[in-house]
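Report on one structure; see the data block that follows.
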Amino acid sequence: MRSRDWQVPTSRDDIVRSTSGGRCMTEQHISDTGARPSDSPAEPLLAGLRVLDLTTALSGPWATLTLAGLGADVVKVEPPGGRDNARGNPPFLGPDGLHFGAPSDEDVSVTVMNRHRDKKSVTLDLKSDRGRKIFHDLVSWADVLVENYSDGVTKRLGIDYETLRAVNPRLIYCSITGFGDGSPYKHIKAMDIVIQAMSGIVEVTGFEDGPPTRVGLPLADMIAPLYAVIGILGAVVNRQQTGVGQRIEVSMIDALATLVAEEHFDVLHAAGMPYRSGNHLPRLAPFGVYPTSDGHVAITGLVDDWAHALFRAMGAEEMMTDPAFATRGARAANSYVLNDAIEKWTSKHTTDHVVSLLAESAVPAVPVRTPREVVDDPYLRARESVVPLQHPDADLRHQELMGSGIPIQFSGAGRIVPGRPSHVGADTETVLKSIARLSDADLQLLREEGIV
């Protein structure tokens, strides 16, 4: 993986875009942000791609973090003072360590330490005429803009796609929304739990005799931005052919509805299967999580060879020829009885014993791990799918804090290991001097007027 090499033009006239890929070729560099260097000599795939980040919370920042991890130059723009509501998410890390109390000026949310890494932070009041004019300079510089404002906000601010494509026709403008353009649900606040509930995924999660259950991760907020990145990369390829940008719109409800539709819950329910099946998937039985004497183990025996090997390991060879369990269809029809039998066996043994015994029989079985065990896994750390988090101030560290890496390995391209986030507005002066050609006097006046 490679360290970050930020590029900005010395003036709007210095922007030269290649006809092949639409990259901005410039001479001046912004300083390193703490991204870790790599032994790989290859350039990251998106090196030179310039991204304006107008996002807040999770869905938008997750998209731009992914783009940054693939090598894009990301500039995050917020109102003066920084109003991304994620900045108020506890816990916080500061001079007094990690805590859940009220944050001081030096404290930074662990959420921000994860989501805002490797992005330049610029503050700019987009409600002011002068702020919007400066923003147009940034738009002229950019290849991509990502936003997740509530419905109608970009139009009121004068930063909607129709307005900005007149400034930069090559701009790829990505909107991550809750429900999509023209939705009848636009009056509903698109929080992750709201989208989960409306997508049907809460209804199919949990135990049959229990209530609908929230998925343990903010799934809508994390799936939609991945589709957004796919859309952005597709638009970049299209721009190579057409020379112009376009608007991309990805909604969280669409993203989750697509996942729910893949499992055909409606068909299965009509056949008598419950929407919720707890720790088991009846149609693939045995396929689920089973208790042991000291924890839990995940086991799958969906094909006959695996199921029969499981029965032998259980000392229940007779199940191999029992018409209720001998075939895949029979096991699905009798999944409740089958799972009860497996649970009675696993609950008498330790997790290690069950996993080891089934490994000898080539039956897929693993222990259920805690999040701490996952982020401490030396293999995952070596692959940099989980990486240490850094405070904006290099001397403030916490050895237990781990964050998300970029879980893609390339044979012929580098990646960025996201480094430190910037303090709010820390890069305003550098970026605006370089791109908008502002002087020290200009910046001082803008500060006095509350525009930066």
Side-chain angles (χ1 to χ4, degrees), residues 4 33-36 46 51-79 81-94 98 100 103 107-123 144-149 174-178 190-193 195 216-229 232 250 252 255 371 375 384-393 396-398 400-408 415-427:
R4 166 68 63 208
T33 64
R36 300 218 316 277
L46 301 186
V51 179
L52 280 180
D53 180 353
L54 297 182
T55 68
T56 65
L58 175 53
S59 63
W62 194 254
T64 52
L65 176 66
T66 303
L67 292 171
L70 295 175
D73 299 340
V74 180
V75 173
K76 181 174 176 63
V77 179
E78 295 181 72
R83 296 178 188 172
D84 187 335
N85 55 21
R87 296 189 182 278
N89 291 352
F92 305 94
L93 180 64
L98 193 66
F100 285 81
D107 288 328
V108 175
S109 168
V110 173
T111 296
V112 167
M113 290 171 59
N114 192 34
R115 301 175 191 172
H116 291 194
R117 289 169 294 164
D118 215 22
K119 305 173 185 179
K120 289 295 180 183
S121 177
V122 170
T123 55
V144 176
L145 182 150
V146 186
E147 61 89 10
N148 65 339
Y149 283 114
C174 179
S175 300
I176 301 175
T177 68
M191 307 305 290
D192 182 83
I193 185 58
I195 303 298
L217 288 170
L219 201 59
D221 272 326
M222 300 180 80
I223 295 295
L226 296 183
Y227 280 114
V229 170
I232 289 168
V250 176
M252 294 192 290
V375 298
E384 295 175 320
S385 54
V386 292
V387 296
L389 290 181
Q390 303 178 56
H391 191 278
D393 299 325
L396 290 177
R397 292 181 177 272
H398 193 288
E400 297 296 321
L401 288 178
M402 302 294 292
S404 309
I406 302 299
I408 309 171
R415 296 179 300 166
I416 296 294
V417 180
R420 291 185 299 274
S422 294
H423 281 297
V424 178
D427 309 295

Self-check item: Verdict with reasoning, His116 to Asp84, per side chain to side chain contact (heavy atoms under 4.5 Å, CB included)
Solution: CA-CA 10 Å; His116 291 194; Asp84 187 335; 3.0 Å; yes

Quiz item: Stepwise, does the side chain to side chain contact (heavy atoms under 4.5 Å, CB included) test hold for Leu46 with Val51?
Solution: CA-CA 10 Å; Leu46 301 186; Val51 179; over 6 Å; no

Quiz item: Do Trp62 and Ile223 pass the side chain to side chain contact (heavy atoms under 4.5 Å, CB included) test, and can you show the C-alpha distance, the side-chain angles, and the key distance before you say yes or no?
Solution: CA-CA 9 Å; Trp62 194 254; Ile223 295 295; over 6 Å; no

Practice problem: Test side chain to side chain contact (heavy atoms under 4.5 Å, CB included) on Asp118 and Val74 and set out the steps. | Solution: CA-CA 7 Å; Asp118 215 22; Val74 180; over 6 Å; no

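Residues passing the side chain to side chain contact (heavy atoms under 4.5 Å, CB included) test with Ala224 are Ile176, Val250, Met252, Ala255, sequence neighbours excluded. For Val108, the side chain to side chain contact (heavy atoms under 4.5 Å, CB included) test picks out Val112, Met113, His391, Pro392, His423, with sequence neighbours left out. The side chain to side chain contact (heavy atoms under 4.5 Å, CB included) check on Leu98 picks up Pro91, Leu93, Val110, His398, Leu401, with sequence neighbours excluded.
Once rounded to the nearest 0.5 Å, the distance linking CG of Leu219 with CD1 of Ile193 reads 11.0 Å. Rounding to the nearest 0.5 Å gives a distance of 8.5 Å between CD of Glu147 and OG1 of Thr177. How far CD of Glu78 is from OG1 of Thr55: 8.5 Å, rounded to the nearest 0.5 Å. We find the OG-CD1 distance between Ser385 and Ile406 to be 10.5 Å, quoted to the nearest 0.5 Å. Put simply, CZ on Arg117 and CD on Gln390 are 9.0 Å apart, with the number rounded to the nearest 0.5 Å. Separating the CG atom in Leu54 from the CG atom in Leu145 is a distance of 4.5 Å, to the nearest 0.5 Å.
Side chain to side chain, Lys76 and Thr64 fail the donor-acceptor criterion of an N or O pair below 3.5 Å.
Side chain of Asp427 to main chain of Ser121: a donor-acceptor pair is present (N/O by atom type, distance under 3.5 Å, no hydrogens or angles). Asp192 places a side-chain N or O within 3.5 Å of a backbone atom of Asp221 that can act as its donor or acceptor partner. Panel note: side chain Ser109, backbone Asn89; a donor-acceptor pair is recorded below 3.5 Å. Not one N or O on the side chain of Arg83 forms a donor-acceptor pair closer than 3.5 Å with the backbone of Thr56.
Gly178 and Ile195 get closest at one heavy-atom pair: O-CD1, 3.7 Å. Closest heavy-atom contact between Ala228 and Cys174: CB-SG, 3.7 Å. Scanning both residues, Ser422 and Ala426, for their nearest heavy atoms gives CB-CB, 4.2 Å. Annotation for Gly403 and Asn114: closest pair CA-OD1, 3.5 Å, computed over non-hydrogen atoms.
The 12-atom threshold is exceeded at CE of Met222, counting heavy atoms of other residues, nucleotides or ligands nearer than 6.0 Å.
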